[in-house]
Amino acid sequence: MSEIRAMLGNVSRQRASVIANQRNFPEPIAVLAMGKVWRKSDVEKWIREHRPDLSTD
């Protein structure tokens with residue numbers, strides 16, 4: 001989650017959690033004891049589509 005927070009512009013943990021729980025956010029590829037794990041490319045694609053102002057492309 002900390003990497004996703006950074007990718008979203010250093011949002012708070014709470015805000016990142018709200019975003020990650022949206023229906024249109026990519027599904028995690030794994031749910032571990034430490035938390036959910038997402039594929040970086042899936043999150044980058046989501047950011048390009050839903051938060052273009054944060055996109056680094």
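Only this structure's heavy atoms are used, side chains among them; waters, hydrogens and symmetry mates stay out. For the single chain, residues carry numbers from 1 onward in sequence order.
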What distance do R51 atom CZ and E44 atom CD have between them, rounded to the nearest 0.5 Å?
15.5 Å
Mind checking whether V43 and L54 sit in one hydrophobic cluster, side chains of I, L, V, M, F, W, Y counted as touching below 4.5 Å?
yes
Inter-residue atom distance M7.CE - S2.OG, 0.5 Å rounding:
11.5 Å
Applying a strict under-4.5 Å side-chain criterion to I, L, V, M, F, W and Y, I'd like to know whether I4 and V31 cluster together.
no
Over all atoms of both residues, closest heavy-atom pair of A20 and M1
CB-CE, 3.9 Å
Does CD in E49 sit with more than 12 non-hydrogen atoms of other residues, nucleotides or ligands closer than 6.0 Å?
yes
In Å and rounded to the nearest 0.5 Å, what is the CD to NZ distance from E27 to K36?
8.0 Å
Would you give the length of the straight line joining atom CH2 of W38 to atom CH2 of W46, rounded to the nearest 0.5 angstrom?
11.5 Å
So CZ of R13 and CZ of R5: to nearest 0.5 Å the spacing works out to 6.0 Å
For the CG atom of D42 and the CD1 atom of I47, what is their distance to the nearest 0.5 Å?
11.5 Å
